[in-house]
Amino acid sequence: MSHLKLQKLLFYCDAYCLAYFGEELITDKFEAWVHGPVSRKVYDNLKGESILYSDISYSEKEEENVDEEFNKLTEGQRDLVRSVLDDLSTWTGLELEAATHHEKPWQEARYGYPEGDKCHKLISKETTKLFYKSEIDARI
């Protein structure tokens, strides 16, 4: 998976957790970068491992156990993450980028920035929660 795709999937997992449970899944904030939402923490951790469109070369470090971290989530959070990944994992990074560009949280944070300009403005977690909650409510 590309770094671009990973960033968007993380954003959507956090967004839907905010919408369903009213709490963030990822404590890091997302910035409104040119190619969509980006977790600076994840970006900094992986910047030596990949570039935007190439696949990430990931090897689990001794101090990190992904399964252990996943199991710290509530059952509802784990189910939600699985559901989001089931729904969106077939999308390409570019498709996910395009989707975020049509949604209020990224657009609101990018307001006033020309299309290709760098932007490190944080995407509001409150706007994200309300936007995706309204998306869920519209489907019901």
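Below, all heavy atoms of this structure are taken into account, side chains as well, without hydrogens, waters or symmetry copies.
Contact check on Glu24 versus Lys29 returns a salt bridge, with a Lys/Arg side-chain nitrogen under 4.0 Å from an Asp/Glu carboxylate oxygen.
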Give the table of side-chain donor-acceptor pairs shorter than 3.5 Å for residues 130-140, with sequence neighbours excluded, one pair per line with atom names and distance.
residue, atom, partner, partner atom, Å
Tyr132, OH, Glu103, OE1, 2.4
Ser134, OG, Phe131, O, 2.6
Arg139, NH2, Tyr16, OH, 3.1

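Within the model, atoms CG of Leu25 and CG of Leu10 stand 8.5 Å from one another, a figure rounded to the nearest 0.5 Å. Rounding to the nearest 0.5 Å gives a distance of 7.0 Å between OG1 of Thr92 and NZ of Lys5. Considering CG of Leu73 and SG of Cys17, their distance stands at 8.0 Å, rounded to 0.5 Å. Note that CZ of Arg78 is 14.5 Å distant from OG of Ser83, once rounded to the nearest 0.5 Å. Atom NE2 of residue His35 and atom CG of residue Leu96 lie 14.0 Å apart, to the nearest 0.5 angstrom. To the nearest 0.5 Å, atom CG of residue Leu9 and atom CG of residue Leu4 are 9.5 Å apart.
Counting only heavy atoms from C-beta outward, the side chains of Glu31 and Lys118 never approach each other to under 4.5 Å. Here the side chains of Arg82 and Phe70 are in contact, with some heavy-atom distance below 4.5 Å.
Follow the hydrophobic side-chain contacts under 4.5 Å out from Leu122 and you never reach Tyr113; the two are in separate clusters.
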Q | Stepwise side chain to side chain contact (heavy atoms under 4.5 Å, CB included) test for Phe21 and Leu80 | A | CA-CA 10 Å; Phe21 304 120; Leu80 180 72; 3.9 Å; yes
Q) For Arg110 and Val34, what are the C-alpha separation, side-chain angles and deciding distance, and is it a side chain to side chain contact (heavy atoms under 4.5 Å, CB included)? A) CA-CA 9 Å; Arg110 292 281 308 180; Val34 170; 4.0 Å; yes
Q: Evaluate side chain to side chain contact (heavy atoms under 4.5 Å, CB included) for Tyr12 paired with Thr100, printing each intermediate quantity in order.
A: CA-CA 9 Å; Tyr12 280 121; Thr100 62; 3.4 Å; yes
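Ser39 meets the side chain to side chain contact (heavy atoms under 4.5 Å, CB included) test with Gln7, Asp28, Phe30, Lys41, Val42; sequence neighbours excluded.
Applying the ring-ring contact (aromatic ring centres under 6.0 Å, His included) test between Trp33 and each of His101, His120, His3 identifies His120 as the sole match.
In terms of heavy atoms, Ala15 sits closest to Thr128 at CB-CG2, 3.5 Å. Taking both residues in full, the closest heavy atoms of Ala109 and Ala32 are given as CB-CB, 3.5 Å, listed atom of the first, atom of the second, then distance. Among all heavy-atom pairs drawn from Thr90 and Glu95, the shortest one is O-OE1, 4.3 Å.
Other residues, nucleotides and ligands contribute more than 12 heavy atoms inside 6.0 Å of the NZ atom of Lys125.
In this structure, the side chain of Lys8 engages the main chain of Pro37 through a donor-acceptor pair within 3.5 Å.
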